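Just so we're clear, the structure is a prediction, and the values are computed from it rather than from any experiment. Along the sequence shown, residues are numbered consecutively beginning with 1.
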Amino acid sequence: MTSKTRREFTEEFKREAVLLLESSGRPLMQVAREFGIEPSMLRNWRARGHGPAGLAAGQGGTGKVTLPASPEQAEIRQLRKELERAQMERDILRKAIGIFSGPPR
């Protein structure tokens, strides 16, 4: 019998996963798959307030209220969001090209 070791995730990893889930509009299952975690873990992290709304309310899990992000971090977050949107648009266009370039029916 093999025993599984329990994986530990940093608070930053949890926040990033929940932030991506909330900002992207993508299904929870898809975001969990991208991060290589079980959907129930992501669901629990969101419920426990690991996202930006939970941090603003002081529910970051440690009982501390975090300071606002530095301008560099805010810019990185914005650029990641823009990149994600551009990738999503690219994927949609690829699918549309595949549909319209197929043989006529």
From OG (S23) to CZ (R77), nearest 0.5 Å: 9.5 Å

hydrophobic_cluster_shared for L21 and I76, side chain cutoff 4.5 Å: no

Residues forming a side chain to side chain donor-acceptor pair (under 3.5 Å) with E16, sequence neighbours excluded: R80

Value rounded to 0.5 Å, distance of CD in E89 from CG in L93: 7.5 Å

Shortest non-hydrogen contact between V18 and R46, atoms and distance: CG2-N, 3.8 Å

Nearest heavy atoms of R7 and G36, plus distance in Å: NH2-O, 3.0 Å

Identified side chain to side chain donor-acceptor pair (under 3.5 Å) counterpart of Q78 within the set K81, E82, E75: E82

From M41 atom CE to K14 atom NZ, the distance as rounded to the nearest 0.5 Å: 7.5 Å

Listed once per pair and sorted, the ring pair (Phe, Tyr, Trp, His ring centres under 6.0 Å) pairs that draw on residues 18-39, sequence neighbours left out: F13-F35

Rounded distance (nearest 0.5 Å) linking atom CD of E34 with atom CG of L42: 10.5 Å

CZ-CZ distance between R43 and R48, expressed to the nearest 0.5 angstrom: 12.5 Å

By salt bridge (charged side-chain N to carboxylate O under 4.0 Å, His left out) - contacts of E84 (at least two apart): R26

